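To keep things clear, I will list the structure first and then write my remarks on it.
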Amino acid sequence: MSDRIRCACRRCTIRGLMGPAVIITVGVLFLLDQTRSGNFSFWDTYPVILIVMGIISLATAASSTEGHISTPLTPAVPSAQATPQSQFPGQGPGQ
């Protein structure tokens, strides 16, 4: 498994449901397309996917971040090769 710490706040939990909800919605729409003999054509009902994504986005935005674990940003380490002077003549510091 991964050594990555996963956040368990409500916002991150709901955001994690976006992919599975879209896949289930697409599956249900294709199933309706096949079983209802064209009454629920996928091309007529695809906006349902956008509605599901919007509902999950609204739920994510409205939920609390209490207990949120943000990953610490690692500071950039300057390279030993980097020099503070410009490589172009006459454009170095102080000139």
Side-chain angles (χ1 to χ4, degrees):
M1 290 258 153
S2 174
D3 291 337
R4 193 174 90 183
I5 298 173
R6 298 192 61 108
C7 181
C9 74
R10 290 185 63 96
R11 181 171 285 184
C12 293
T13 302
I14 293 172
R15 188 181 335 159
L17 295 175
M18 179 73 77
V22 169
I23 290 172
I24 290 170
T25 304
V26 168
V28 168
L29 291 177
F30 277 126
L31 180 67
L32 286 173
D33 186 30
Q34 294 297 313
T35 60
R36 294 294 182 169
S37 67
N39 291 340
F40 292 101
S41 172
F42 178 78
W43 299 113
D44 294 334
T45 58
Y46 77 91
V48 174
I49 298 170
L50 300 176
I51 293 170
V52 168
M53 291 173 66
I55 289 170
I56 292 176
S57 294
L58 283 173
T60 301
S63 61
S64 73
T65 58
E66 182 178 339
H68 180 70
I69 300 172
S70 60
T71 57
L73 298 175
T74 57
V77 178
S79 172
Q81 301 287 345
T83 58
Q85 298 174 355
S86 174
Q87 294 180 3
F88 300 109
Q91 293 186 358
Q95 292 185 0

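Worth saying up front: this structure is predicted, and the values here are computed from it rather than measured. As a basis for the values below, the full set of heavy atoms in this structure was taken, side chains included, without hydrogen atoms, waters or symmetry mates.
- Atom CG of Leu17 is separated from atom CD1 of Ile24 by 9.0 Å, given to the nearest 0.5 angstrom.
- Of all heavy-atom pairs between Ile69 and Cys7, the closest is N-SG, 3.2 Å.
- Grouping the Ile, Leu, Val, Met, Phe, Trp and Tyr side chains by contacts below 4.5 angstrom, directly or via other members, places Ile23 apart from Ile55.
- Checked options Val26, Thr25, Leu31; the residue passing with Leu29 is Thr25 (criterion: side chain to side chain contact (heavy atoms under 4.5 Å, CB included)).
- For the atom pair CG (Asp33) and OG1 (Thr45), the distance works out to 7.0 Å, reported to the nearest 0.5 Å.
- In this structure Tyr46 satisfies the ring-ring contact (aromatic ring centres under 6.0 Å, His included) test with no other residue, sequence neighbours excluded.
- The hydrophobic clustering, which links ILVMFWY residues whose side-chain heavy atoms are closer than 4.5 Å, places Phe30 and Val48 together.
- Following chains of ILVMFWY side-chain contacts shorter than 4.5 Å, one cannot reach Leu58 starting from Val22, and the two form parts of different hydrophobic clusters.
- Under the 4.5 Å side-chain contact rule for hydrophobic residues, Trp43 and Val52 share a cluster.
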Run the side-chain donor-acceptor check on residues 8-16: report pairs under 3.5 Å with partners two or more places apart or on a different chain.
| residue | atom | partner | partner atom | Å |
| --- | --- | --- | --- | --- |
| Arg11 | NE | Thr60 | O | 3.0 |
| Arg11 | NH2 | Ala61 | O | 3.0 |
| Arg11 | NH2 | Ser63 | O | 3.2 |
| Thr13 | OG1 | Cys9 | O | 2.8 |

